[in-house]
Amino acid sequence: MSNLVIIDHPLVMHKLSILRDVNTGKKEFREIVRELAQFMCFEATKNLPLEDYEITTPITKMIAKRISGKNLSVIPILRAGLGMVDGVLDLIPTAKVGHIGLYRDPETLTPVEYYCKLPTQIEERHIFVLDPMLATGGSAISAISFLKDKGCNNINFMCILAAPEGVEKLQLAHPDINIYVCAVDEKLNDHGYIVPGLGDAGDRLFGTK
Ligand code: PRP
Ligand code: URA
């Protein structure tokens with residue numbers, strides 16, 4: 001089974017409660033999504049390989065550490081994943097950003113692709129797919145399948161809130177990826193929304209509806 005990491009740090013829990021609150025406005029919602037993405041990025045990059053290199057401090061030369069290996073790529077699933085991009089870039093400004101556009105058909109709840117633009121040599125990169133919500137799992141599964149079809153084999157998925165149904169489906173479909181999440185909620189409702197959840201992440205980020 002894929003590795004599920006729940007980031008239940010007290011600061012994350014505190015901010016997540018504000019995010020869930022129906023009275024939280026767009027500005028604060030966007031700020032918190034960005035901050036939570038920073039926390040998740042910190043955790044998700046914990047095992048990146050390091051290499052030695054020489055630097056000179058004001059005092060002396062020393063062998064220092066830097067992240068080695070393949071370049072990183074951040075891939076938000078449009079639209080709501082966009083809200084997490086800047087939080088990750090705050091910590092990894094050199095990451096390349098690709099975009100995969102998917103929306104859930106409101107009747108069937110299945111993902112429909114409408115856009116894709118990926119960085120060059122995507123198959124060689126260490127990838128972080130971003131989407132604040134993992135509900136039925138359809139969107140994440142389809143985005144990750146698409147990346148695997150392009151040859152990617154080092155894929156991590158970062159989401160803020162998940163439903164148990166979505167986690168299970170994603171783990172079954174892609175047992176090789178790491179899933180980072182701030183909380184796994186109780187269930188999905190009849191419309192495919194996470195309960196208790198935070199509502200429609202895209203609408204709350206961008207003020208639509
Ligand atoms: C939301 C969310 C995920 C998807 C999750 O996007 O951002 O992409 O639903 O649901 P799933 O796990 O059942 O696929 P939505 O389709 O509402 O599009 P939006 O981001 O453009 O609002
Ligand atoms: N997408 C959202 O934005 N919210 C949910 O609860 C489920 C899917």
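Counting convention: from 1, in listed order, for ligands and their atoms alike.
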(Q) Show, in sequence, the C-alpha distance, side-chain angles and deciding distance for L118 and K96, and conclude whether the side chain to side chain contact (heavy atoms under 4.5 Å, CB included) test is met. (A) CA-CA 9 Å; L118 299 175; K96 297 276 198 312; over 6 Å; no
(Q) Tell me which residues fall inside the under-4.0 Å heavy-atom shell around ligand 1. (A) L78, R79, A80, Y103, R104, D131, M133, L134, A135, T136, G137, G138, S139, D200, G202
(Q) Taking atom OH as the centre, does Y53 end up with more than 12 heavy-atom neighbours from other residues, nucleotides or ligands that are less than 6.0 angstrom away? (A) yes
(Q) So if I only count non-hydrogen atoms and take anything under 4.0 Å from ligand 2, which residues does that give, chain by chain? (A) R104, M133, A135, G192, Y193, I194, G199, D200, A201
Q. Can you tell me how far the CD1 atom of I6 sits from the CD1 atom of I179, to the nearest 0.5 Å?
A. 10.0 Å
Q. Stepwise, does the side chain to side chain contact (heavy atoms under 4.5 Å, CB included) test hold for L170 with I144?
A. CA-CA 9 Å; L170 180 55; I144 293 164; 3.9 Å; yes
Listing, residues 32-40 side-chain donor-acceptor contacts under 3.5 Å, not counting sequence neighbours, or none:
{"unit_1": "R34", "atom_1": "NE", "unit_2": "D90", "atom_2": "OD2", "d": "3.0"}
{"unit_1": "R34", "atom_1": "NH2", "unit_2": "D90", "atom_2": "OD1", "d": "2.9"}
{"unit_1": "R34", "atom_1": "NH2", "unit_2": "D90", "atom_2": "OD2", "d": "3.4"}
{"unit_1": "E35", "atom_1": "OE1", "unit_2": "K15", "atom_2": "NZ", "d": "2.8"}
{"unit_1": "Q38", "atom_1": "NE2", "unit_2": "D90", "atom_2": "OD2", "d": "2.5"}

Would you list the atom pairs, donor with acceptor, under 3.5 Å between side chains in residues 106-113 and any protein atom, with sequence neighbours excluded?
{"unit_1": "T108", "atom_1": "OG1", "unit_2": "T110", "atom_2": "N", "d": "3.2"}
{"unit_1": "T108", "atom_1": "OG1", "unit_2": "T110", "atom_2": "OG1", "d": "2.7"}

Q) Can you tell me if R125 uses its side chain to pair, donor with acceptor, with the backbone of T120 under 3.5 Å? A) yes
Q: Answer yes or no: is there a side-chain heavy-atom contact under 4.5 Å between T45 and N156?
A: no
Q | Sub-4.5 Å side-chain heavy-atom contact between M84 and C159 | A | no
